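Here the structure comes first, spelled out in structure tokens, and everything after it is commentary.
All values derive from a computational prediction rather than experimental measurement. Below, each value reflects all heavy atoms present in this structure, side chains not excepted, and no hydrogens, waters or symmetry copies.
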Amino acid sequence: MKRLRLSRLLTCAIVALAAVLCSEPAEAHLNSTGMGPIYDGLMHFLMSPEDLVPALALALLAGLRGAAYGRRAALTLPLAWLMGSLLGLTAAATTGSAVLSSFWFLLLGGLVIADAKLSLSAMSALAALLGVVHGYLNGTGMGHSGAALVALLGLTSGVFVLIVLAAAFVVQLQAQWARIAVRVAGSWIAASGLLMLGWSFRGN
């Protein structure tokens with residue numbers, strides 16, 4: 001049974017890694033899903049590995065530290081993301097660099113690998129910084145329309161749901177092998193960051 005659970009965790013991590021490596025560069029504008037601006041914002045987050053994976057890594061880290069950390073991350077990250085997005089609405093369109101994305105992959109993946117024992121305030125600061133930076137990049141280029149504001153609500157709702165579900169899943173893991181599997185997932189996130197960093201320098 002334990003081997004089956006570990007196999008499923010590893011399969012999910014492989015699928016996530018494949019999505020990161022095979023993804024197209026994200027643009028600042030939203031692609032229309034035809035289902036309204038809330039779903040446009042939600043799908044933008046779910047289809048942007050450079051946003052999705054760091055948020056997932058933060059959730060894994062918070063879950064390893066316990067329920068209080070998971071609750072703090074679930075509150076801080078979406079609010080910071082929304083604030084950053086609102087700031088970005090007034091800026092010119094821009095996209096994040098591969099180096100910046102690699103930084104978040106390496107930092108958060110490394111913290112998960114180490115099962116870093118951050119204080120609650122340090123976790124809050126990390127979540128706030130991640131949210132503001134990525135939110136700002138998401139907000140740029142969306143324009144000033146009411147639809148853009150609604151799309152941001154969909155996007156930050158996706159961030160909230162991801163953090164809550166992933167952190168809650170990790171918090172309830174008690175077996176040592178299961179916690180090690182989470183740390184292995186962190187190693188793959190960090191390895192993806194190294195690959196992205198290498199490709200960015202190769203492109204230059």
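Of the inter-residue distances, the one linking L56 atom CG with L165 atom CG reads 11.0 Å to the nearest 0.5 angstrom. Here the OG atom belonging to S121 is positioned 8.0 Å from the CZ atom belonging to R72, to the nearest 0.5 angstrom. Residue D115 holds its CG atom at 8.0 Å from CG of L61, rounded to the nearest 0.5 Å.
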Check your understanding: Does the side chain to side chain contact (heavy atoms under 4.5 Å, CB included) test come out yes or no for E50 and L100, once each step is laid out?
Key -> CA-CA 9 Å; E50 68 276 10; L100 179 61; over 6 Å; no
Exercise for review: Please lay out, stage by stage, how R183 and L64 fare under the test side chain to side chain contact (heavy atoms under 4.5 Å, CB included).
Suggested key: CA-CA 9 Å; R183 295 170 69 181; L64 287 173; 4.3 Å; yes
**Study point:** Step-by-step side chain to side chain contact (heavy atoms under 4.5 Å, CB included) determination, L155 to L42
**Key:** CA-CA 4 Å; L155 193 155; L42 175 62; over 6 Å; no
Practice item. Decide yes or no on side chain to side chain contact (heavy atoms under 4.5 Å, CB included) for L162 and L52, but give the supporting numbers first. Key: CA-CA 9 Å; L162 174 69; L52 180 67; 3.6 Å; yes
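Hydrophobic clustering (side-chain heavy atoms under 4.5 Å, transitive across Ile, Leu, Val, Met, Phe, Trp, Tyr) groups L46 together with F169. Linking Ile, Leu, Val, Met, Phe, Trp and Tyr residues whenever their side-chain heavy atoms come within less than 4.5 Å places V112 and F103 in a single cluster.
Within the 3.5 Å criterion, the main-chain N or O of V164 finds no donor-acceptor partner in the side chain of R71. Of the possible polar contacts, one joining the Y69 side chain to the L118 backbone as a donor-acceptor pair under 3.5 Å is found.
Residue L77 forms a side-chain contact (heavy atoms from CB on, under 4.5 Å) with just one option from L126, I163, T156, and that option is I163.
S102 approaches M196 most closely through the heavy-atom pair OG-CB, 3.3 Å.
Using bins of under 30°, 30° to 60° and over 60° for the plane-to-plane angle, the ring pair H134/W81 lands in the tilted bin.
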